[in-house]
Amino acid sequence: MLAYVLRRIGQSVLVLLVTGLVAFSMFRFVGDPVDNMLGQERTQADVERLRDRLGLDEPFAVQYWSFLTNAARGDFGLSYRQGRPVAEIIAERLPATLELAAVSAVLAVVLGVAFGIYAAIRRGGWLANAIMTASLIGVSLPTFLIGILLIWIFSVELGWLPSYGRGEVVDLGWWSTGFLTASGLKALILPAITLGLYQMTLIMRLVRSEMMEALGQDFVRFARARGLPERAVTLRHALRNVAVPVITVTGLQLGSIIAFAIITETVFQWPGVGLLFINAVQFVDIPIMAAYLMGISVMFVGINLVVDLSYLAIDPRLRAGAGGRT
Amino acid sequence: MSAPDPVPPALELRNLRVDIPTRRGTLRAVDDVSFAIAPGEILGVVGESGAGKSMTGNAVIGLLDPPARIAGGEVHLNGRRIDTLGRGALRRIRGAEIGMVFQDPTSSLDPLLTIGDQLVETMRAHLDISGKAARARAVAALEEVGIPGARDRIDSYPFQFSGGMRQRVVIALALCAEPSLVIADEPTTALDVSVQAQIIALLKRLCAERGTAVMLVTHDMGVIAETADRVLVMYAGRMAELGPVREVIDRARHPYTAGLMASTPAASRGARRLYQIPGAMPRLTDLPEGCPFHPRCPKAQEDCRRVPRPTLAADGGRAACLHPLDPERGAEDVARAAEGTAR
């Protein structure tokens with residue numbers, strides 16, 4: 001089992017090295033950074049000096065290695081556009097995105113699983129049918145459209161909730177949070193719904209179909225025949241047995257919530273890393289793009305690793321299989 | 001009438017009917033089934049697939065798959081009527097008063113929980129008992145069903161057991177809350193032939209020790225012959241014959257029963273070739289007029305097609321047949337019929 005865990009970690013590192021290579025190649029192939037940084041008025045001496053300072057005349061492998069070691073320390077160099085360290089800029093923006101993503105994710109998982117279970121056990125009931133019909137909207141409407149619709153209804157027509165920005169934030173020194181002010185919380189509602197709706201409906205539909213299958217299994221029938229309370233039959237036996245596929249999809253969806261916050265942040269002018277990335281793309285601010293790419297890939301790889309390891313925690317047969325191969 | 005029996009039967013069905021409403025009309029999956037099982041008695045229920053055996057068992061424990069439902073009749077457990085109880089009350093009866101053993105032990109057990117957890121949760125659902133005491137009882141229950149090293153194996157998962165051992169665990173689960181009735185639905189069908197006899201012997205011994213009544217659903221006449229006190233033969237959702245096991249096996253009165261015996265290797269002593277009942281059991285959607293067995297019956301006569309379906313009363317409570325086989329010549333009749341199909 002330990003060997004399995006180590007092997008999975010090794011694979012994760014390999015994936016990160018490859019994405020690191022992609023991120024690094026952006027510097028070399030998407031234009032010459034020296035051109036971008038120095039502008040029109042420059043001498044050849046300026047160019048040489050900057051090349052030397054940035055280490056751009058080193059061999060490829062050396063540059064890649066220093067990029068990796070710097071990245072591992074959180075150092076992605078200076079933003080071309082702002083001239084400040086990328087790590088500092090991202091650190092300013094990260095709390096906004098993480099708070100938005102966390103609220104969306106909790107919303108998506110809690111409501112998705114709860115509605116999914118309900119729709120499975122009350123199959124055919126009017127409320128279950130209503131939930132299923134409503135979920136079609138979440139699955140089929142694109143995120144930006146949902147965001148704009150919500151803004152139109154709740155900001156423009158009703159005037160209840162703000163249509164853009166984060167509201168007032170409290171600066172804790174290392175973190176700025178919108179959780180502590182009324183306007184911060186109000187500002188979170190619409191973007192969080194917009195960002196989490198698709199994931200919620202996806203999780204819900206998955207939980208429902210998996211649960212319906214599990215509820216027809218013999219061990220559920222036998223659990224009922226043993227006279228277990230319905231709650232134990234549903235949650236302890238059926239739900240646990242659908243945990244593996246549900247966690248797999250949920251994990252990937254959590255990654256997407258952060259990665260695709262870009263759209264929601266753009267619609268709501270949410271000052272997070274997604275918006276930062278979009279602006280960076282417009283200005284070809286490669287250090288920021290590279291850092292964003294690395295951050296997202298670390299996150300995806302990390303989630304995948306946790307998902308894989310959670311299989312072992314859930315299913316004893318896999319534990320035995322993983323142990324047998326050691 | 002004499003005074004009522006002081007000990008009520010463990011299970012009594014009175015004219016049980018199970019309907020399955022479908023778009024093309026209502027199917028009657030179980031029709032007018034009445035029998036009683038005394039405490040400690042083993043009733044074998046036999047019949048082909050789809051005869052309504054399992055459906056009867058599921059109706060008793062209230063676990064019919066919708067849309068199937070009890071459409072009439074009564075179910076009494078130890079003198080108490082249970083088919084009218086609400087879901088919660090019925091849930092408390094399941095496991096506590098009626099234990100259930102299913103066909104396939106591999107799929108009956110939750111693969112993700114240890115067998116100890118499954119035993120403990122079952123006991124704690126029905127008995128007022130601490131987790132620790134339940135665990136001790138779980139070990140004892142596993143020892144009783146013959147799991148070697150029960151104390152060490154209680155924390156094992158179902159996949160770590162063989163099929164026969166799993167069925168022993170299932171039996172321990174069915175009996176762990178001391179029910180007065182066990183419904184065993186094809187308990188050996190999914191097992192290796194070599195362990196079938198062990199499992200049947202185990203079930204029989206444990207129920208005899210506890211005075212537990214057993215409804216043993218199977219299509220294996222050999223199992224019935226070895227285990228049951230009485231046997232109920234079902235055909236197309238109806239009772240075909242009911243009687244003491246030796247009587248029914250040696251002197252079948254319903255031609256269908258005789259056919260079943262003749263088509264079973266163990267019961268057809270030395271016949272060169274096994275008998276085959278011609279045709280197949282009719283679908284519930286198109287039951288024939290009259291006796292449902294008449295299209296396949298070697299002894300069918302004109303009135304079998306006309307007279308509405310016979311009940312056990314047609315043969316003094318023994319066989320639902322207008323022309324029951326002569327007890328003395330039953331074997332010959334079957335032998336002759338067997339000869340007929342062999343050619």
Side-chain angles (χ1 to χ4, degrees), chain A residues 1 117 119-126 128-129 207 210-248 307 309-325, chain B residues 54 57-58 60-67 87-115 117-119 121-127 155-160 166 169-170 172-177 179 182-183 185 190:
Chain A
M1 181 150 141
I117 293 174
I121 56 185
R122 291 287 144 76
R123 168 179 20 170
W126 70 268
N129 284 342
V207 168
E210 293 285 334
M211 279 294 279
M212 288 195 341
E213 195 187 323
L215 287 170
Q217 302 267 337
D218 278 355
F219 65 82
V220 166
R221 196 176 176 74
F222 189 52
R224 291 211 173 100
R226 285 187 279 142
L228 300 184
E230 199 56 25
R231 171 190 291 266
V233 173
T234 311
L235 300 183
R236 195 170 148 88
H237 293 282
L239 187 60
R240 188 188 289 243
N241 273 277
V242 306
V244 165
V246 169
I247 286 178
T248 307
V307 164
L309 296 182
S310 75
Y311 295 165
L312 294 184
I314 293 167
D315 197 329
R317 289 165 295 189
L318 298 178
R319 277 205 291 282
R325 271 181 277 149
Chain B
S54 298
N58 290 339
V60 169
I61 57 167
L63 279 185
L64 287 171
D65 289 317
R87 290 158 59 104
L90 209 50
R91 199 264 303 157
R92 282 188 286 278
I93 285 177
R94 288 199 292 268
E97 294 178 53
I98 306 177
M100 191 88 194
V101 177
F102 287 121
Q103 177 172 342
D104 186 353
T106 305
S107 55
S108 298
L109 297 169
D110 187 328
L112 303 186
L113 293 177
T114 66
I115 57 167
D117 284 344
Q118 298 188 48
L119 277 161
E121 70 172 352
T122 310
M123 282 187 256
R124 297 199 70 183
H126 299 297
L127 312 169
D155 292 317
S156 302
Y157 291 91
F159 76 93
Q160 292 164 315
R166 275 182 216 145
V169 172
V170 169
L173 277 164
L175 292 174
C176 69
V182 168
I183 299 176
D185 193 349

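Letters A, B, ... mirror the listed sequences (proteins, then strands); counts begin at 1.
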Nearest atoms (heavy-atom pairs only) where A/Phe222 meets B/Met100:
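Shortest heavy-atom contact: CE1-O, 3.1 Å.
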Min side-chain heavy-atom separation [X]-[Y] under 4.5 Å:
X: A/Pro229; Y: B/Arg91; value: yes
X: B/Asp65; Y: A/Arg221; value: yes
X: B/Phe102; Y: A/Asp218; value: no

Contact leader toward chain A among [options], where contacts are heavy-atom pairs under 4.5 Å:
options: B/Asp104, B/Ile61, B/Leu113; answer: B/Leu113
options: B/Gly95, B/Ser108, B/Gly88; answer: B/Ser108
options: B/Leu90, B/Val170, B/Ile183; answer: B/Val170
options: B/His126, B/Glu121, B/Arg92; answer: B/Glu121
options: B/Val101, B/Thr114, B/Thr122; answer: B/Thr122

Per-residue contact mode, [X] against chain A (heavy atom under 4.5 angstrom):
X: B/Gln103; result: neither
X: B/Pro111; result: both
X: B/Ile93; result: neither

Between A/Arg226 and B/Leu173 (side chain of the first, backbone of the second, donor and acceptor by atom type, cut-off under 3.5 Å), is there such a pair?
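No, A/Arg226 side chain to B/Leu173 backbone: no donor-acceptor pair under 3.5 Å.
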So, applying side-chain contact (heavy atoms from CB on, under 4.5 Å) with A/Arg236, which one of B/Asp110, B/Asp117, B/Leu112 is it?
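Single pass found, and it is B/Asp117.
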Side chain to side chain contact (heavy atoms under 4.5 Å, CB included) between A/Phe219 and B/Gln118, intermediate numbers included
CA-CA 11 Å; A/Phe219 65 82; B/Gln118 298 188 48; over 6 Å; no
